[in-house]
Amino acid sequence: MDLKPTIGIETHIELNTNTKMFCRCKVVDTDEPNISLCPTCIGLPGALPVPNGKAIEYITLLSLATGCTITRKGMFHRKNYFYPDLPKNYQISQFDLPVGESGKLEIILDGKKDSVEIERVHMEEDTGKSTHSGTGRIDSATSTALDFNRSGVPLVEIVTKPVIESAKEAVAYIEELRQLSIDLNISEGKLEKGNLRFDANISVAPDDSNELGTKVEIKNMNSLRSLERAIDYEISRQTKAYLDGEEIIQETRHWDEAKELTSSMRSKEGSADYRYFSDPDLPNMILSEIFIEDIKNKLPKLPSEIRNDLMETGLDLDQANILGKSDNWIRDLYFDVFDSTKEHSTTYNWITGELQGQMRKLDINFPPEWFSADLLSEILGLIKDNKISFTSGKTILSEVLQKNISIDEVATNNDLYQENNEEKIVELVKNVINDSEDVVQRIKEGEDKLVGFLVGQVIKNSGGSVNPGIAKELLSKELDL
Ligand SMILES: [Zn+2]
């Protein structure tokens, strides 16, 4: 029997607002614990929450960007549960009236455009951070350290419909959502910092069944690698259980990165377990038509639109997707260099290959301030006009990345201009011919292929500054071919 997996993803995005969701404490990025707290975010009695307007703007932006319908009259609810990192014993969240509903996000899967349906986008607050001693799991810890800096930081939760069919699709979805949050400038989008964290609901059912199987939730992952491996593991675990006739229990499981398996955490709560009720401290949230219009006008170019712009320059979907998910400066650099070279392929290859490769070697994340699109365009132009070789172009790029020096200076100092070198090339050619009597003999006997070897020698002896075409031409002339 063929089984099909069905996956739904819940993603929490930490917003990059200056202050927390319901108080004016600063959102801080530090390891020093408990330096940004107040009675509201540590749940002292009598403290009253006031919603953060910026966070409401951001969630509206995200809802509009994912094509959601905006709920004009929203509401905050209390989600009640006890855990040491939640000092109020409830989390302020949204229940039946989320900010956004019924949207869709374009993703790129296997080199094709696809989309994932979004069920809802709602606002909530983060909890504190608990660090358990020993293995890091609460059940075996003898002590737990609590840091409330994160308590009350605004979180947006985006819930997909159960429509994702593979781990790969889940990863493509998160990559797109991450890029969207960066382009909307509502989050840093740094997975390693936990800016995005995701839960996956996974079930398997017979291929021809219209009903979903029993779902298992894997909680709190923050890397694409964990997400992909946890989903793959869970699909095969459930498939095996199903085929062996074992019952699949609705539960929450934990992905153990070291052991590469999921293990049971607790039986899954239903929403009734959380005793949701509307927060009496917070009034209804009315989003006016004017407010929504205003946010619509603030929408920047979305990743899908940037991808289309990139494809209009001639790139294919995969290249556009890779560049589209690169840092802003890389995309800008591409558009600027393309504007002057009009060569999409060369520009793409130099930026994603040579430039980024050299920067990795130099261990820098950004090019130095003197580096510009004009500089790279000039290098590419010199290569195109045969004024320098491809290899010299690389040398020049490396020099201008390391010091504030003009291209002309590097080329002159290193004798990289090809057009000035004709006499020198003839000399190099003659030297190579003299040093390779055997090869020359064999060429004269008809082994034409060996000309390429001699061309290689000329280029090598020139330190890469000779144009292969010119070298071949002069070599043929010298050998009377
Ligand atoms: Zn506070």
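Note that ligands are numbered from 1 as they come in the structure, with each ligand's atoms numbered from 1 the same way.
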Fill in the blank from the handout: From the list R178, R307, R331, salt bridge (charged side-chain N to carboxylate O under 4.0 Å, His left out) with D183 holds only for R331
Practice task
Indicate the ring-plane relationship of Y274 and Y81, choosing parallel, tilted or perpendicular according to the 30° and 60° boundaries.
Solution key: perpendicular
Handout entry: Parallel, tilted or perpendicular: rings of Y276 and F95 (30°, 60°)
Key = parallel
Problem - R78 charged N/C atom sitting above F277 aromatic ring, 6.0 Å / 45° - result: no
Handout entry: P367: partners by side chain to side chain contact (heavy atoms under 4.5 Å, CB included), with sequence neighbours left out
Key = W329, M359, F371, L401
Practice task
Output yes when a side-chain donor or acceptor of E57 lies under 3.5 Å from a complementary backbone atom of N52, and no otherwise.
Solution key: no
Handout entry: Number of protein N, O or S atoms [distance to the Zn ion (ligand 1) under 2.8 Å]
Key = 4
